[in-house]
Amino acid sequence: MNPKQRWTYSIPMATPLTQYVVELEQSGPSGWVNYREPALALRFAYEQLLNSAYIFVPGDEQWPAYCRSAGARSASQRRSEIMQRIAADLAKRRSALANVNDFGIELLF
């Protein structure tokens with residue numbers, strides 16, 4: 001396995017922001033999930049275990065500040081939508097079950 005893999009996948013959605021990409025940067029058992037739309041980019045750390053992976057997403061209270069610091073103010077009110085998009089994309093690609101909760105996204109392989 002290549003120590004740093006990157007997958008790119010775009011899915012058109014029925015919202016005003018129709019194009020997005022979810023990229024996975026893997027470096028050993030951890031890495032980054034990059035979520036991109038034409039006008040914003042967000043990055044989340046993840047860790048992978050034997051049968052699962054966890055993507056760490058700032059909580060509801062921290063989300064607006066995180067979006068401001070990432071230069072993505074337009075995402076400040078869209079935490080749930082973005083988490084669902086990431087979960088669905090990675091679950092499909094990795095043949096996993098996805099569980100979205102208050103602290104992030106858990107993938108079960």
Got a second to check how far Arg78's CZ is from Leu40's CG, nearest 0.5 Å?
6.0 Å
Any side-chain heavy atom of Glu47 within less than 4.5 Å of one from Ser30?
yes
Does a donor on one side chain sit under 3.5 Å from an acceptor on the other, for Asn101 and Glu106?
no
When you measure from the side chain of Arg43 to the backbone N and O of Ala70, does any donor-acceptor pair fall under 3.5 Å?
no
When rounded to the nearest 0.5 angstrom, what is the spacing between CD1 in Ile55 and CD in Gln48?
10.0 Å
Verify the neighbour count for atom CD of Gln62: are there more than 12 heavy atoms of other residues, nucleotides or ligands below 6.0 Å?
yes
Val22, Leu97: one ILVMFWY side-chain cluster at the under-4.5 Å cut-off?
no
Say whether Tyr20 and Arg85, considering side chains only, have a donor N or O and an acceptor N or O under 3.5 Å apart.
no
Passes ring pair (Phe, Tyr, Trp, His ring centres under 6.0 Å), Phe56 versus Tyr54? Steps please.
CA-CA 6 Å; Phe56 301 95; Tyr54 199 85; 5.1 Å; yes
Measure the spacing between CE of Met83 and CZ of Phe44 and express it to the nearest 0.5 Å.
8.0 Å
Between Trp32 and Glu23 (side chain of the first, backbone of the second, donor and acceptor by atom type, cut-off under 3.5 Å), is there such a pair?
no
Is Leu90 close to Ile105 at the side-chain level, that is, under 4.5 Å between some pair of heavy atoms?
no
Measure across Asp102 and Arg79 and return the closest heavy-atom pair with its distance rounded to 0.1 Å.
O-NH2, 2.7 Å
Working to the nearest 0.5 Å, report the span between CG of Leu107 and CG of Leu49.
11.5 Å
Cluster check Tyr46, Phe109: I/L/V/M/F/W/Y, side chain < 4.5 angstrom:
yes
Nearest heavy atoms of Ala41 and Arg36, plus distance in Å
CB-NH1, 3.6 Å
Just do the side chain to side chain contact (heavy atoms under 4.5 Å, CB included) check on Leu42 and Tyr66 with the steps written out, would you?
CA-CA 9 Å; Leu42 299 170; Tyr66 169 72; 3.6 Å; yes
Heavy atoms only: give me the nearest Ala98-Ala91 pair and the separation to one decimal.
CB-CB, 3.9 Å
